[in-house]
Amino acid sequence: MPELPEVETVRGGLAPVLEGHRLTHVEARRPDLRFPLPLNFVQTLTGATIVSLRRRAKYLLAQTDREDTLVMHLGMSGRFEIARPEGAVRPGQFHYAPDPDPKHAHIVFETEAGARVTYYDPRRFGYMGLVNTATLDLHPWFAGLGPEPLSDDFDAARLKTAFKDRKQGPKTLLLDQRIVAGLGNIYVCEALHRARISPFKAAGRISLPRLKRLVTDIREVLGEAIAAGGSTLKDYAQADGALGYFQHRFRVYDREGTPCSNPGCSGVIARKVQAGRSTFYCPVCQT
DNA sequence: CCCACGACCTGTGGGC
DNA sequence: TGCCCACAGGTCGTGG
């Protein structure tokens, strides 16, 4: 599933075709994704103009010129594809290439300009909803979210407070969206490896200088991934259909048995299940 | 409050 | 080739 950098990449891919564009056709091919779609989903969005497309944590926020913001979460396997018309059947009506994966094409948006944005999600862990824009921050999806890791609100002092007296490893706590919003399994593993911090060490016992290093490394790895256009795994493609390449730069994720890349370390990357998720790490230099 | 675990849903890849 | 199991980027609810 897309983590922060992938969602940011999707945002960047969708923004040119959605921002400032009016939705002329909205289709929900099933009544639910992970949760039921609002009953007024199609009605509310049809004819609305998307005034901005932003990201908060792993959510995409498409603010409309009506009262609501369309909130989209990609879950594990959600992705968007943009189709451009191959020709106009007649003015305002367009022709598109056949959908390569109609079985998982759950939501379709078409804009006045002729772009077709299709949401695919085989596992249906993703979800969409309509949230009143004026009170968006109070909505349960957003009210408890921690700071954006790339913002100034996120720093070592804040992590120190969040980690205080906690016995769980930093791996588990960094996945908690209330502590910091937008990290997922891949980038937590990558950041802890860069910072040479053990995923299993009691979080409350990590020193402030090491947390400072961790904050820097979180920002660094996210920044690199965003710059690379987001990572692409099996069932994820960039919003415009092109592929990202950051997955080739993972240093620990899915690299069990390969040599540790940290300078001067002769360790071998290991995998352990921690709180039900795979943790990849170097048992030698991550302490 | 903290923490571990199962559930949600579907697809894929590896081993036999 | 076929079958079965393990596993997958996230989040939520339950129960100790």
ILVMFWY cluster membership beyond A:V89 - transitive side-chain contacts under 4.5 angstrom: none

- request: Give a yes or no on whether a donor-acceptor pair under 3.5 Å exists between the nucleobase atoms of C:dA8, that is its base, and the side chain of A:R277.
  value: no

query: When the P atoms of B:dC9 and C:dT14 are considered, how many whole Å apart are they?
result: 16 Å

query: What integer distance in Å separates A:M72:CE from C:dT11:P?
result: 16 Å

- prompt: Quick one: stems for DNA chain C, with Watson-Crick or G-U pairs under 3.5 Å, at least three in a row?
  reply: B:2-8 with C:10-16, B:10-16 with C:2-8

Provide a list of protein-nucleic acid N or O atom pairs under 3.5 angstrom, restricted to nucleotides 3-6 of chain B.
{"unit_1": "B:dC3", "atom_1": "OP1", "unit_2": "A:K167", "atom_2": "N", "d": "3.1"}
{"unit_1": "B:dC3", "atom_1": "OP1", "unit_2": "A:Q168", "atom_2": "N", "d": "3.4"}
{"unit_1": "B:dC3", "atom_1": "OP2", "unit_2": "A:R166", "atom_2": "NE", "d": "2.6"}
{"unit_1": "B:dC3", "atom_1": "OP2", "unit_2": "A:R166", "atom_2": "NH2", "d": "2.6"}
{"unit_1": "B:dC3", "atom_1": "OP2", "unit_2": "A:Q168", "atom_2": "NE2", "d": "2.8"}
{"unit_1": "B:dA4", "atom_1": "OP2", "unit_2": "A:Q168", "atom_2": "OE1", "d": "3.1"}

task: From the options C:dC12, C:dT11, B:dG11, select the nucleotide whose nearest atom is closest to the side chain of A:W141.
output: C:dC12

statement: Taking for A:R34 and for A:K103 the nucleotide of DNA chain B with the nearest heavy atom, the one nearer the 5' end belongs to A:R34

query: Given B:dC9, is OP1 or OP2 found less than 4.0 Å from the side-chain N or O atoms of A:S77?
result: no

message: Heavy atoms from C-beta onward define the side chain here; which of C:dT11, C:dA8, B:dT10 lies closest to that of A:H104?
response: B:dT10

query: Taking atom P in both B:dA7 and C:dC5, what distance in whole Å separates the two?
result: 16 Å

field: Distance in angstrom units between A:F125 CZ and B:dC8 P, rounded
entry: 9 Å

Phosphate contact (B:dT10 OP1 or OP2) by A:R124 side-chain N/O below 4.0 Å: yes

